[in-house]
Protein chains: 4
Amino acid sequence: MPSAPRWRRRSDARPQELLDAALETFVERGYAATNMDEIARRAGVSKGTLYLYYPGKAELLKAVVRQSLLGNLAEAQTQASAHSGTFGELLNYFLGEFTRRISRTNISGIPKLILAESGNFPEIAQFYFEEVIQRARTLITDILRQGIACGEFRPVDPDYAWRMIVAPLVLGVLWKHTFLPFEPDGLDFDRYLDCQLDMLAHGLVASETPAGRNTP
Amino acid sequence: MPSAPRWRRRSDARPQELLDAALETFVERGYAATNMDEIARRAGVSKGTLYLYYPGKAELLKAVVRQSLLGNLAEAQTQASAHSGTFGELLNYFLGEFTRRISRTNISGIPKLILAESGNFPEIAQFYFEEVIQRARTLITDILRQGIACGEFRPVDPDYAWRMIVAPLVLGVLWKHTFLPFEPDGLDFDRYLDCQLDMLAHGLVASETPAGRNTP
Amino acid sequence: MPSAPRWRRRSDARPQELLDAALETFVERGYAATNMDEIARRAGVSKGTLYLYYPGKAELLKAVVRQSLLGNLAEAQTQASAHSGTFGELLNYFLGEFTRRISRTNISGIPKLILAESGNFPEIAQFYFEEVIQRARTLITDILRQGIACGEFRPVDPDYAWRMIVAPLVLGVLWKHTFLPFEPDGLDFDRYLDCQLDMLAHGLVASETPAGRNTP
Amino acid sequence: MPSAPRWRRRSDARPQELLDAALETFVERGYAATNMDEIARRAGVSKGTLYLYYPGKAELLKAVVRQSLLGNLAEAQTQASAHSGTFGELLNYFLGEFTRRISRTNISGIPKLILAESGNFPEIAQFYFEEVIQRARTLITDILRQGIACGEFRPVDPDYAWRMIVAPLVLGVLWKHTFLPFEPDGLDFDRYLDCQLDMLAHGLVASETPAGRNTP
DNA sequence: TATGAATGAGAGTTCATTCAT
DNA sequence: TATGAATGAACTCTCATTCAT
């Protein structure tokens, strides 16, 4: 078992350190209000050094977005193809997984950042749209279609229903980064997830049939 | 014979024209990337004129937000108190009304703007939180609680369920202003609403009882 | 005895009202920090009206200076030619008169204004130099020369001595408008004058002759 | 073969160069009429460089004043405590020293600047009042009191007499920076000093005693 | 004569980017 | 590779001046 190396060439860790500092700052302040000095300071390097690794502020933002998303995407894809159980269980699994990430990491700031800057960085918005959203859409509509086909799900409109499934996640992200400071009671993501799963499965309307049912 | 006058006095219509131009530009570009010159140009006035009506860029943003919201708020409040029919019908009514506004007016850019700039303008975020979100929350949780009490709704968790109801609206707003340009098929808000109402009412899971129903 | 007229055509009093407001503001704030809006407001007219009477800010300053000085100058000239008594008495009279004006009116702000703006308004400085300073110089050096000739004064260097006589007046003006707010005890102009006259007459050094005297 | 570099690093000399350029410009134009571009141009740097060293125009002015005065103050204090000879000689020494500085260096522009801007920068005026004027007052009144006590000086009013002693210096400063350009014969500071010392010592009035006396 | 809305040049300041070291 | 002093364009905001009313 190798012990930790006694030293590392700085440059190996550098790009990642810079991206981390940039992510943090962009998420905290927004793109325009972030200045390169601050990123450099947080990364513990000089401003000039940033430009050795990234050609400019805009490119730095893109790099931040790209690398923040790509890891998560690959992972999700893998898990999807290796599932077992009902489609409802798979859906629950994804929603739970996602909710947990929102509540724990600050990568959740990225989507908000993209929304905010989509007007000024259409390429980033498009990149996000194609790489993240379209994949999520495919993933979920596939599940829906199969679930409907096998009678597990009601015959909803998959091309629009996937947005209803995703919407609470998006709201959660935004809430965490926008209104949480103003809520004295905070937000309980476990309860949030429970409520979402319950409503997603059974809807709001009390059915005439006496028997209640459980999670999808 | 004098040529066209260099400017013309428009004093009555001016403030609203300026707000319109500002709303448009802020929504399109975001706060930081918007410059006063551009707003002035769109409003057909000189830069200095803006400062005759609003003391600065930040105040202009606040004025835009304030006046965009206040009108809508008053209206919603009025309609709420004058409803008849089941709670499900009332909910449907609100969601429909809201969806129609998203799809037709460009006031829907305001919420996105607020989300984007909440970090830099906490006061605006707080204003929005208190004036808009808290009211919506009260409105919806009241409906939910009453609907549950009278057996119309399943016993969901109202303090969180209201967010599930609102989430698709928020997503719709963001979608319109962020990803619509990238979608070749556009977005059909009628279908969007139908899907939302259906899922909200009955959920995703097929009930064991053979008979399906349609209205929430 | 005529009673006050029931009305006056506004325009008769206007120019003087404007000059008064301008003097007050220029003295208080300095030329650059004074804006036309403020002058107009103090004069109770609109900004545009200022331009009906004076072609611009610089011209307004010149008009203020000119009219503030001309009156005083004429007066001084008259009194000088109609004096009687020793030259020492004449000198005392002028110094007293001037000191009284410094202490009572706020015209004393004009010299400070001129000093401050001499770099930006050489014409005003030159005007002041020729109309005020050179006259004062002539007046005083004449008195000195005659006083020396008749044995009343010691044989001082009149071309420079006149400045020593004037210096305390200048200092008094500046003091009043610059440092007075910082002095808890204020400034007693009577004592100031007494001290000046005493020192001007007899100097600082105790003479070997036992008898002291008091008037110059 | 590279052409001349766009800029050169001068970091050590820079701050002083900037202060020099600023002093020159402020004295020439006054605070408000001085713009940062001009200072930068005179210092041979770009406008942005100024802001690397001083946070703004106002702070730059304060820095100019502070550093111009502090050196001179310390020096004067030192000399005062190490004097020998009569009090009259000490007074003469100071007046001579001061006059020489007025005539040779352009630091003499600082007092004029302070007078001119005292309305807009009360802090600077107060700083000057406390650090410069109050010290000078103490210095001179102490000398006067001691001189009077030992019979060297006539019993003048020290709290006001010190202003009479200082007044010609102030006038000299103002003269140099305000009216000198208009005087064809210029100003001979040696003669100015001689005249001041002579009048300060013996006053204007010819004493009845036949014997003349010498310098204080 | 009087107004005050409108103008637009110019101010101080910021900051992404460059480059001599 | 790393630095950070230097740059200069772009920004917000001010205000003397103009002119339709």
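Just so we're on the same page: letters track the sequence lines, and every chain starts at 1. Fair warning: this is a prediction, and the values are worked out from it, not measured in the lab.
- Under the 4.0 Å criterion applied to side-chain N and carboxylate O atoms, C:Glu38 and C:Arg29 are assigned as salt-bridge partners.
- Remark: A:Lys57 is positioned above the aromatic ring of A:Tyr31, its terminal NZ or CZ atom under 6.0 angstrom from the ring centre and at most 45 degrees off the axis.
- Take the nearest nucleotide of DNA chain E for A:Ala58 and for B:Leu50: the residue whose nucleotide is more 5' is B:Leu50.
- Look at CG on A:Leu60: it is 15 Å from C1' on E:dC15, rounded to the nearest Å.
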Intermediate values then yes/no, salt bridge (charged side-chain N to carboxylate O under 4.0 Å, His left out), B:Glu123 and B:Lys62:
CA-CA 9 Å; B:Glu123 339 143 47; B:Lys62 288 180 203 164; 2.7 Å; yes
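- An OP1 or OP2 oxygen of F:dA2 is reached within less than 4.0 angstrom by a side-chain nitrogen or oxygen of A:Tyr53.
- For the pair B:Lys57 NZ and F:dA10 P, the interatomic distance rounds to 15 Å; values are reported in whole Å.
- A salt bridge does not link D:Glu17 to D:Arg42: none of the charged nitrogens lies less than 4.0 Å from a carboxylate oxygen.
- Once rounded to the nearest 0.5 Å, the distance linking CD1 of A:Ile124 with CG of A:Leu113 reads 7.5 Å.
- Searching all strands for a Watson-Crick or G-U wobble partner of E:dG8 with both distances below 3.5 Å returns F:dC15.
- Of the candidates F:dA5, F:dC11, E:dT14, F:dC11 carries the atom nearest the B:Asn35 side chain, counting heavy atoms from C-beta on.
- Residues B:Ala33 and B:Gly48 both approach DNA chain F. Their nearest nucleotides, taken by heavy-atom distance, put B:Ala33 toward the 5′ side.
- Minimum atom distance to the side chain of C:Leu52 is reached by E:dT1, of the listed F:dT17, E:dT18, E:dT1.
- With F:dG4, E:dA16, F:dT17 as the choices, the nucleotide that has an atom nearest any side-chain atom of C:Met36 turns out to be F:dT17.
- If you take CD1 of C:Ile39 and P of F:dC15, they are 13 Å apart, rounded to a whole angstrom.
- Within 4.0 Å of C:Lys47, counting heavy atoms only, lies at least one base atom of the nucleic acid.
- As rounded to whole Å, 15 Å separates atom C1' of F:dT12 from atom CD of B:Glu38.
- Between D:Tyr51 and E:dT14, a side-chain N or O to OP1/OP2 separation shorter than 4.0 Å is absent.
- Here E:dG10 presents its P atom at 11 Å from CG of D:Asp37, a figure rounded to the nearest Å.
- Rounded to whole angstrom, the span from the OH atom of A:Tyr31 across to the P atom of E:dC15 amounts to 13 Å.
- To the nearest angstrom, C1' of F:dA16 lies 17 Å from OH of C:Tyr54.
- An OP1 or OP2 oxygen of E:dT7 is reached within less than 4.0 angstrom by a side-chain nitrogen or oxygen of B:Thr49.
- Remark: P of F:dT7 and CZ of D:Arg41 are 14 Å apart, rounded to the nearest angstrom.
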